[in-house]
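Working notes for the structure below.
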Amino acid sequence: MRNILLSFVLLFAAISTVFAQKLTVESFKLAGSDLTAQTQPRKDLNDRNCALIKVGVGLQGVQFEGGIMGNVENKTGEYWVYMPQGNRQLKVKHANYAPVMVTFADYGVEKLESNRTYELIITASGNVIGPVDAGGNFYALTVSPKDTKVSIDGVLQSSSTDGEYSAMLPYGNHTYKVEAGGYISKSGSFTISSSDMTPINVILVSAMATVSVTCPTPAVSLYVDKKSVGMAPWTGSLKEGMHLIEVKKEGYRSQQRTINLSQQQKLDVAFNELAAIQGNLSVNYKPFGADVYVDGKKIGQSPRVFNGIMVGNHKVEIKKDGYGTESKTVNILEGQTATLAGVLSTNASSSVASGTSSSGNTITIPVKDGISIDMVRVEAGTFTMGATAEMKDPYGEEKPTHQVTLTNDYYIGKYEVTQALWKAVMGNNPSCFKGDNLPVETVTWDDCQEFISQLNRITGKTFRLPTEAEWEYAARGGKKGRGCQYSGSNNLSDVAWYKDNSDSKTHAVGSKQANELGIYDMSGNVWEWCQDWYGRYSKSSQTNPTGATSGSYRVLRGGSCFITARICRSSYRRGNTPVNRDYSLGFRLAISE
């Protein structure tokens, strides 16, 4: 009996010791000026904003019960507890203290209200026996790619630039979700305990589909969802879903294909050969037997109807020995026949000789209002075109080198077309840098064609843009060429206005040294449009080449005052759309003998 009584005494003493360590409510009240519940809201099950209780207590490992929504947030010196409106009690617990039930009505608050912030102050009294557990630990998560969205227990985490995420969480099971555009999202779970946390490494797998597009027609442009992506054949990555694939080429009927992609799908899209859009050309020129050339290629003799000419603008020339050459630009329309008729003039009244004055290898052709054009004669010859040995550090577009033969003499502008000449012909001045003797610029390839058409009406001549081969042959000095890297010299500053000496502006034509033929500014000052469509070189020998038969870009040559020395070499070439307008784009004229 005595032993039983002693046991009861000891048990009571132990219980007294535990409950001497207790949590006490100091105060509970509405924090009227605190808007945290509104600015950092959390929804209840009815999608209404919760009330927020900020519990101030100087302990780690505190736990709460009573209709709490989501995880309790452990802030510095306090806990944030979200509860639905209408709640009347909150239980506060700690492993080393007696729990306390907070009844809100005891402190003048009948029940919690949505969107309101409350302040609860708890103190701990008594002596704590043994170490105090923090009640939680850190998680560690590494993700790839780094620009992902990471959610822990459904809460989006602040972004991390290094792809590593960590924060303290209460003990127990937790979930994560990692997602990024173009990747397959990944979810999982982990457990927080007092032990070391094993880092979680999440590598997302690309969800993009791979699409390869082919078309047997060469040099076709490819569009995906109406945006240009380059030329076919093409391989690229696209998001899942519907896409419009289209292949186009000037003078041909385009084709379209709609595809529906799933994640990580691999799809080959093969188009049929594009059908050419054609019309006809009727040529009735005398004397009979005159040769007819379309875009530099002989197609037969006059008189004749030539069927199957591709639609678009074409340069048509009618030639016969002993007569002047007639040159016309003809627009071929689908299913229609364009007509040319006339009589070739004799050489005595040919388009170049008539109304000109000459000195040595230069002729001067009057235009109007005292403005004239100086043209330099270039003798026919054969040369190696492209990245020859003296052309240092060439680009791939300049290769392969190939032999080119020009069978006819021609004239090319001694100077780039000036603003004074442009104004005399067109009545306006589109240039950015103004000055009568400065090269005209800010002109498109199409603008040049309109200028030439007006100029030919005024002068009765047949001016044109030089072909790319004619331009390079003249830039190299023709038969008088000394194998220079630039037009007329291996020292670019002697012959050109370029990035290092131009002060980023154009300069008067002819103010640097001429090349071997007496032609100025074929390196630097302004880019010069050529007649040709831009295309890749072939290694085979060519005679009177006129470039690609079609394309999206016209050839530009010579560099400009904004360009480095490497791009001012005589072999460097570039393409641009015929409608591109820029304050570095100009041109010079050519005319057949």
Side-chain angles (χ1 to χ4, degrees), residues 291 293-299 315 317 319-321 325 327 347 350 352 360-363 375-392 394-414 462 464-490 495 514-520 522-523 528-549 554-558 568-575 588-593:
D291 294 328
Y293 291 79
V294 174
D295 297 329
K297 296 181 180 180
K298 182 178 176 180
I299 62 172
K315 178 184 177 183
E317 295 174 293
K319 303 178 181 180
K320 189 174 179 67
D321 291 343
T325 297
S327 181
N347 278 338
S350 68
V352 174
N361 70 332
T362 302
I363 60 173
M375 307 289 289
V376 175
R377 185 170 182 266
V378 183
E379 291 185 54
T382 299
F383 74 107
T384 301
M385 189 171 181
T388 47
E390 73 275 12
M391 299 297 170
K392 305 301 182 185
Y395 292 88
E397 291 82 355
E398 303 168 51
K399 302 174 183 178
T401 57
H402 52 286
Q403 182 175 287
V404 170
T405 299
L406 300 175
T407 60
N408 300 311
D409 297 350
Y410 60 97
Y411 287 89
I412 196 165
K414 186 174 184 178
T462 53
R464 56 181 174 82
L465 291 177
T467 66
E468 185 177 17
E470 289 174 336
W471 190 98
E472 183 169 327
Y473 186 51
R476 288 175 176 269
K479 289 186 174 181
K480 298 181 180 180
R482 300 189 297 267
C484 298
Q485 187 170 191
Y486 310 106
S487 183
S489 177
N490 283 320
V495 294
N515 76 353
E516 299 92 331
L517 292 175
I519 307 171
Y520 293 88
M522 294 197 83
S523 292
E528 298 178 14
W529 288 108
C530 292
Q531 182 64 33
D532 307 33
W533 287 111
Y534 183 89
R536 294 186 179 277
Y537 280 162
S538 167
K539 65 181 179 181
S540 53
S541 299
Q542 300 177 44
T543 300
N544 300 324
T546 56
T549 57
R554 295 287 184 175
V555 172
L556 285 166
R557 284 303 203 110
C568 291
R569 293 175 292 102
S570 297
S571 63
Y572 181 81
R573 58 200 302 260
R574 175 175 290 182
R588 75 175 67 229
L589 296 166
I591 194 169
S592 299
E593 187 166 60

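- In this structure, the side chains of Ser489 and Val495 come closer than 4.5 Å at one or more pairs of heavy atoms.
- The one candidate from Val378, Thr362, Ile412 that meets the side chain to side chain contact (heavy atoms under 4.5 Å, CB included) condition with Leu517 is Val378.
- Using a 4.5 Å heavy-atom threshold, the side chains of Ser570 and Met522 count as separate.
- No donor-acceptor pair under 3.5 Å is formed between the side chain of Glu516 and the backbone N or O of Gly478.
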Legend entry - Step-by-step side-chain contact (heavy atoms from CB on, under 4.5 Å) determination, Arg569 to Tyr486: CA-CA 5 Å; Arg569 293 175 292 102; Tyr486 310 106; 3.8 Å; yes

Inset, instruction - Evaluate the side-chain contact (heavy atoms from CB on, under 4.5 Å) criterion for residues Leu556 and Trp529: first the C-alpha distance (whole Å), next the side-chain angles of each, then the deciding distance (0.1 Å), finally the verdict. - result: CA-CA 5 Å; Leu556 285 166; Trp529 288 108; 3.5 Å; yes

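- Using a distance-only test at 3.5 Å, with no hydrogens or angles considered, a donor-acceptor pair links the side chain of Arg482 to the main chain of Gly488.
- Between the CD atom in Gln542 and the OG1 atom in Thr382 there is a gap of 12.5 Å [rounded to 0.5 Å].
- Met385 has its side chain within reach of Glu468: a pair of non-hydrogen atoms, C-beta onward, lies under 4.5 Å apart.
- Between Arg476 and Glu390, at least one side-chain nitrogen of the basic residue sits less than 4.0 Å from a carboxylate oxygen of the acidic one, meeting the salt-bridge criterion.
- Across Thr388 and Thr401, no two heavy atoms sit closer than the pair N-CG2, 3.8 Å.
- Defined by atom type and a distance below 3.5 Å, a donor-acceptor pair is present between the side-chain atoms of Ser487 and Asn515.
- Counting only heavy atoms from C-beta outward, the side chains of Ile519 and Lys414 never approach each other to under 4.5 Å.
- Annotation for Ser327 and Lys315: closest pair OG-CE, 3.6 Å, computed over non-hydrogen atoms.
- Expressed to the nearest 0.5 Å, how far OH of Tyr473 lies from OG1 of Thr405 amounts to 9.5 Å.
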Legend entry - From CA spacing to verdict: side-chain contact (heavy atoms from CB on, under 4.5 Å), Thr549, Lys297: CA-CA 10 Å; Thr549 57; Lys297 296 181 180 180; 3.7 Å; yes

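- At distances below 3.5 Å, at least one donor-acceptor pair connects side-chain atoms of Ser523 with backbone N or O atoms of Cys568.
- Ring orientation note: the planes of Tyr395 and Tyr572 are nearly perpendicular, at an angle over 60° on the 30°/60° scale.
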Inset, instruction - Starting from the C-alpha separation in whole Å, work towards a yes-or-no answer on side-chain contact (heavy atoms from CB on, under 4.5 Å) for Leu465 and Cys530. - result: CA-CA 6 Å; Leu465 291 177; Cys530 292; 5.7 Å; no

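- Among Glu317, Glu470, Gln531, the single residue meeting the side-chain hydrogen bond (donor to acceptor under 3.5 Å, both in side chains) criterion with Arg464 is Glu470.
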Inset, instruction - Take Asp295 and Thr546 through the test side chain to side chain donor-acceptor pair (under 3.5 Å) and record every step on the way to the result. - result: CA-CA 7 Å; Asp295 297 329; Thr546 56; over 6 Å; no

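- Rounded to the nearest 0.5 Å, atoms CZ (Arg574) and CZ (Arg557) are 12.0 Å apart.
- Taking both residues in full, the closest heavy atoms of Tyr534 and Ala548 are given as O-CB, 4.1 Å, listed atom of the first, atom of the second, then distance.
- Gln485 places a side-chain heavy atom less than 4.5 Å from the side chain of Met391.
- Thr543 contributes atom OG1, which lies 8.5 Å from atom CD of Gln403 (distance to the nearest 0.5 angstrom).
- Side-chain contact check for Val404 versus Phe383: some heavy-atom pair is nearer than 4.5 Å.
- In plain terms, the two heavy atoms of Pro394 and Ala387 that are nearest each other are CB-CB, 3.5 Å.
- The shortest side-chain heavy-atom distance between Leu406 and Asn544 falls under the 4.5 Å cut-off.
- Test Arg573, Glu398, His402 against Tyr537 for side-chain hydrogen bond (donor to acceptor under 3.5 Å, both in side chains) and you get one pass: Arg573.
- We find that Glu528 and Arg588 are joined by a salt bridge, their nearest charged nitrogen and carboxylate oxygen being less than 4.0 Å apart.
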